[in-house]
Amino acid sequence: MNPEPIVTRFAPSPTGHLHIGGARTALFCWAFARHAGPNGRFMIRIEDTDQARSSDESARGILEDLAWLGITWDDGPVLGDIGRGSRPVGPYFQAQRLDIYNRYVEHLGRLGRAYPAFETADELDAARRAAAAQKKTFKYPRPADVRPGEFNEARWRRAAAGEPHVVRFAMPPEGIRVHDSILGEVKFAPGEVDDFVIRKADGFPTYHFAVVIDDELMGVTHVLRAQEHLMNTPRHVALQQALTRTDGGAPFRTPVYAHMPLIFNMDGGKMSKRDKAKAARAALKAAMQKDPALTPALAAARAGLAESAVAEFLAGTSDAVEFAEALAGPFAVALPEVEVWDYRRSGYLPEVITNFLALLGWSPGMKSPDGKDVEKFDMEFLARHFSLERIGRGNAKFDRVKLLSFNADAIAAMTDDRFSERFQTWADEHEPEFARRWRALQAPRRSALLRLARPRCKTLRDLIRVVEFAMVADEAVAFDPAAVAKHLTPPGRDALAAFAQRLRALGPNADAAAIDAVVAAVAAERNAKLGEVAQPVRVGITGGTVSPPLGETVAAIGVASALRRIERCLQAR
RNA sequence: GGCCCCUUCGUCUAGCCCGGUCCAGGACGCCAGGUUCUCAUCCUGGUAACAGGGGUUCAAAUCCCCUAGGGGUCACCA
């Protein structure tokens with residue numbers, strides 16, 4: 001006898017990128033199915049019943065992000081080599097399943113559990129506003145001629161005649177109990193839920209209807225979703241209790257529900273795209289404050305935007321993400337990441353994202369031999385140990401600083417070769433211009449840079465900043481005026497010249513240790529601290545005060561190159 | 001506002017179901033010190049919580065009740 005199959009699903013609506021919270025939902029659905037081994041299946045369904053907002057492009061983007069995270073699906077849309085071997089329960093785009101939904105709408109109509117309603121959206125709006133004015137909650141009043149259990153011929157005839165209408169479900173008179181694996185039993189009193197719409201005027205099903213039909217027909221056994229869906233669940237359960245299958249008459253089953261806690265920003269607000277606008281606005285305002293010459297018009301020109309757009313953006317009447325993105329580059333604003341794509345672009349590793357996400361609302365509850373909590377693990381570990389019982393009930397705040405620390409740890413734990421591969425793959429996708437120059441470097445030089453950059457990288461993107469000094473031409477090094485003023489004082493210049501002289505004597509292939517010895521020797525002969533030599537040299541070679549240890553820095557660009565830079569620096573003044 | 005859910009360090013959490021081993025453990029952060037030519041890494045130490053109030057009990061973070069606070073949701077969006 002085969003054990004009961006376990007089927008979970010992630011059902012995004014393709015109206016944008018994959019949100020980081022959605023990724024967690026998908027991850028938990030995936031982990032639960034994988035935990036069941038060969039018995040478990042994880043499915044993707046695209047909920048594109050909102051005609052106005054859905055797009056194939058965003059469906060594709062979401063699937064790509066899931067694949068990037070390592071969340072693979074057994075059933076669902078095919079993307080490259082992912083998602084083959086589907087069971088015959090598709091199609092997986094709801095827009096392609098309209099005939100199925102219509103069959104069930106008619107079915108419910110005949111049972112007297114669904115009826116056409118003819119109020120216009122405007123009428124309902126007005127009724128809602130009136131209710132709000134009296135501080136009452138609007139509930140759709142069931143029309144007097146509607147009697148649950150009786151087919152309403154008059155209404156269906158009007159509908160068939162082409163009169164614009166929606167179809168509503170007649171809620172049962174009794175209350176609804178929802179059994180939730182995380183929250184326990186949740187009760188909803190009779191009359192709490194009104195007769196909701198199951199088919200819109202455009203002929204598309206609503207979310208509530210499509211989800212219930214599809215989950216049944218696709219054999220979904222466990223529904224893991226965010227807690228914001230909890231209040232929808234009585235509708236779904238009522239629908240399940242009213243429906244029987246048209247292929248054989250079996251009653252619909254109610255899946256196991258598990259409503260997961262929500263994820264918020266550190267400030268307690270929702271993680272939303274608007275955060276990007278807020279960050280960009282704050283940064284721009286700060287920049288204008290610091291530099292009175294910076295006008296909205298100037299900022300607009302620098303960002304390639306219309307002046308009016310920038311004005312609106314600054315005034316807060318527009319939160320357009322495109323504006324935030326356009327401003328981020330020229331004004332060096334780090335926009336907060338809220339979608340998986342943002343984290344990808346910022347240089348986070350997928351296995352770190354999933355590890356961190358798994359810790360938001362779940363924990364393995366295990367100690368390692370040294371008594372510390374187990375909190376670093378891979379997807380295989382997650383799949384092996386995941387369970388609904390260990391999902392918490394309280395909401396979590398997303399601490400980007402901790403994520404960054406995890407990412408840095410993962411980079412530190414890699415081999416140099418692996419780091420190199422991961423960086424190149426990332427750069428090819430996100431910084432192709434840099435990637436081209438990086439590949440053009442000679443292999444030994446590249447690996448030298450990689451080695452010294454790695455402990456200084458928390459993200460893959462960080463590498464670009466750390467090795468910047470080595471990527472500019474000798475004659476293009478920009479000397480930071482503040483650094484020059486501080487370190488290229490007369491004694492500093494003198495030390496720099498002395499260093500150059502000894503460096504030249506070392507020959508072109510000197511290694512880091514030999515170069516460090518030169519720094520020490522120059523310091524010793526003038527009775528100076530190491531820093532009094534090292535910093536002027538650092539400025540002369542990199543243009544700034546920050547770089548990896550001098551020996552390695554010089555070795556990474558080569559002695560000849562270092563000498564040219566020093567010479568140019570000394571001549572400049 | 002109605003309904004529903006939640007509540008351990010600043011943050012993520014362990015412990016709670018099966019009361020004593022918890023003057024509450026780990027991680028990130030923060031602080032201090034060490035290593036050090038800058039930056040980063042690294043090492044050592046420290047900081048900091050059972051929301052409040054009532055019960056029950058020899059004993060409560062753990063069980064019960066109340067209060068407060070936070071969140072979700074009230075669409076022809078999903």
Side-chain angles (χ1 to χ4, degrees), chain A residues 11-13 15 47-50 52-54 117 119-121 124-125 128 132 135-139 164-168 178 180 182-184 186-189 192-194 196-202 204 206-208 210-211 226-234 259 261-262 264 266 268 356 359-368 370-376 389 392-399 401-406 408 412 452-458 462 466 483 487 516 519-520 523 529-539 542 544-551 553:
Chain A
S13 61
T15 56
E47 309 221 322
D48 54 351
T49 54
D50 184 339
R53 295 197 302 150
S54 296
E119 295 81 7
T120 65
L124 291 172
D125 270 357
R128 275 192 196 94
K135 300 201 167 189
K136 284 187 175 164
T137 313
F138 175 80
K139 290 206 177 70
H165 68 284
V166 299
V167 177
R168 286 179 185 268
V178 174
D180 187 282
I182 297 169
L183 303 172
V186 185
K187 289 178 232 173
F188 298 88
E192 199 56 56
V193 182
D194 61 9
F196 57 96
V197 175
I198 59 175
R199 187 171 67 194
K200 300 179 260 187
D202 66 2
F204 276 68
T206 58
Y207 158 76
H208 302 299
V211 86
Q227 236 173 64
E228 63 194 16
H229 286 290
L230 183 61
M231 301 307 277
N232 294 149
T233 312
H259 288 94
L262 271 15
F264 294 99
M266 289 304 279
F356 187 73
L359 257 11
L360 258 31
W362 182 82
S363 82
M366 295 163 67
K367 304 262 188 213
S368 55
D370 60 2
K372 302 191 169 186
D373 291 359
V374 173
E375 61 171 9
K376 299 277 178 71
E389 291 73 44
R393 280 174 290 275
N395 296 333
K397 290 178 183 164
F398 191 96
D399 187 351
V401 178
K402 184 161 180 173
L403 203 220
L404 196 60
S405 163
F406 271 38
L452 86 225
R454 200 150 64 95
R456 293 168 176 78
C457 292
K458 289 178 190 281
D462 283 342
V466 175
H487 297 290
D516 278 333
V519 176
K529 290 185 199 158
L530 266 183
E532 291 171 308
V533 176
Q535 283 304 72
V537 172
R538 180 166 277 116
V539 175
T542 69
T545 56
V546 175
S547 89
L550 261 188
T553 299

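Residues passing the ring pair (Phe, Tyr, Trp, His ring centres under 6.0 Å) test with A:Phe398 are A:Tyr343, A:Phe356, sequence neighbours excluded. Qualifying side chain to side chain donor-acceptor pair (under 3.5 Å) partners for A:His229, counting only residues two or more places apart in sequence or in other chains: A:Tyr207, A:Asn232. In this structure, the ring pair (Phe, Tyr, Trp, His ring centres under 6.0 Å) partners of A:His259, at least two apart in sequence or on a different chain, are A:Tyr257. Judged as a salt bridge (Lys or Arg N to Asp or Glu O under 4.0 Å), and not counting sequence neighbours, the contacts of A:Lys367 are A:Asp373. A:Arg456 meets the side chain to side chain donor-acceptor pair (under 3.5 Å) test with no other residue; sequence neighbours excluded.
Among the atoms of the strands shown, base atoms are found under 4.0 Å from some heavy atom of A:Ser547. Across all strands shown, A:Met266 has heavy atoms under 4.0 Å from sugar-phosphate atoms exclusively, and none from any base. Residue contacts for A:Phe356: at a heavy-atom cut-off of 4.0 Å it reaches no nucleic acid atom on any strand shown. Within 4.0 Å of A:Pro548, counting heavy atoms only, lies at least one base atom of the nucleic acid.
Taking 4.0 Å as the cutoff to heavy atoms of chain A, we find the contact window on RNA chain B bounded by B:G1 to B:A78.
Closest-nucleotide positions on RNA chain B for A:Asp48 and A:Phe188 were compared, and the one nearer the 5' end corresponds to A:Phe188.
For the residue pair A:Thr542 / A:Ser547, no side-chain donor-acceptor distance below 3.5 Å is found, with atom types taken as modelled.
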